[in-house]
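Indexing begins at 1, ligand by ligand and atom by atom, following the structure's order.
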Amino acid sequence: MDHHTLSNDLFTVEVRALGAALNRVVAHTDDGDVDLVLGHAEDAARAEGEFYLGELVGPTANRIEGGRFTLDGTDHAMAVNDRGNTLHGGPNGFSTKTWDITEATDDRVTLALEWSDAPGGLPGVLTTTVTYTLDGAELTHVITVTTTEVTLASPCSHPYVNLAGSGTILDQVLTVRAGRVLFTDETGIPTGDPQDVTGTPFDLRGGVRLGDAMAADHPQVRAVDGLDHAFVLDAPGLDGEPVAELADPASGRSLAIWTDQPSLQVFTGAGLQRCTAGLHRPYPDHAGVALETQQFPNAANRPDYPSIRLEPGQSYTSTTRWRLSL
Ligand code: FUC
């Protein structure tokens, strides 16, 4: 099986075996069907893509500086694929693999992958599962990882949302309940302690039109033509206030997100015009905003960040829930 489709009266959700990717979330609205996430029309385009559209990235999401880290006194080097760093597990990462679909019903699909790195890279054989569940207007994914050796694990889902279904996300309003953000160097590696967002374009707590945040005259914004930063969530959790919300004032559609992960990487899609094999069309620049619920970037090398160490007998889990309003 190369894909599976979940469906109910409100949504059709397509998950690809390649990259365990959330390839389509189609809303059945009064105005017809609307694609709410970016995806690829063909697996071949996905295999060549550079944007990880909807993919399950790992085993270490985001960047590891130089691909290098030390675990229990032993140095390890993963393959690098982004300005000298390992991004999203590197060129051999989870998203490049065809996963096994192990459970598939109308409202649930589970995919599984056994993965190991090149010698000297990330230790252990990692067994990972991801389950996507559609329940009414809620779409949840749960990731689990176990290992045969002490290792690092921090996979995450990499969906790009555009509630308008086409065009750009500039007019959509993003709220992120995060009082701190990680600023980065020119290769995307956090430079230090989380910074207070107060008085900066990174203060999204009250809801900000993305086009306004992306146009701000701030060196961290200009360096990446928008946002490409990890927000340190004030109150991660699967209940209570959502950690983030995206709203499209024109259509009235919105998305609320809950997660147990400590950070949300917001990437406003600079360069997406290079993605010429999108679902129905070449995408314009900023065609979607990636909302990645994850561990801190470069946690592998930062003892002061939450640990992503995983030992045999333990299980890493990560849960994120979306609620869509049409
Ligand atoms: C996000 C960003 C990266 C990269 C990727 C496609 O995870 O942090 O910069 O461009 O998406």
| task | Return each pair, listed once, that meets ring pair (Phe, Tyr, Trp, His ring centres under 6.0 Å) where at least one residue sits in residues 42-63; pairs must be two or more places apart or across chains. | result | Tyr52-His88, Tyr52-His158
Could you verify whether a donor N or O on one side chain and an acceptor N or O on the other, from [X] and [Y], lie under 3.5 Å apart?
X      : Y      : answer
Asp75  : Thr70  : yes
Gln220 : His229 : yes
Asp31  : Thr29  : no

| message | Give the residues near ligand 1 by chain and number, with the criterion being a heavy-atom distance under 4.0 Å. | response | Glu50, Phe51, Tyr52, Arg63, His88, His158, Tyr160, Asp228, Gln265, Phe267, Glu292
| query | Which residues pass the side-chain hydrogen bond (donor to acceptor under 3.5 Å, both in side chains) test with Thr259, sequence neighbours left out? | reply | Thr320
| task | Would you list the pairs meeting salt bridge (charged side-chain N to carboxylate O under 4.0 Å, His left out) in which at least one residue belongs to residues 88-106, sequence neighbours left out? | result | Glu103-Arg108
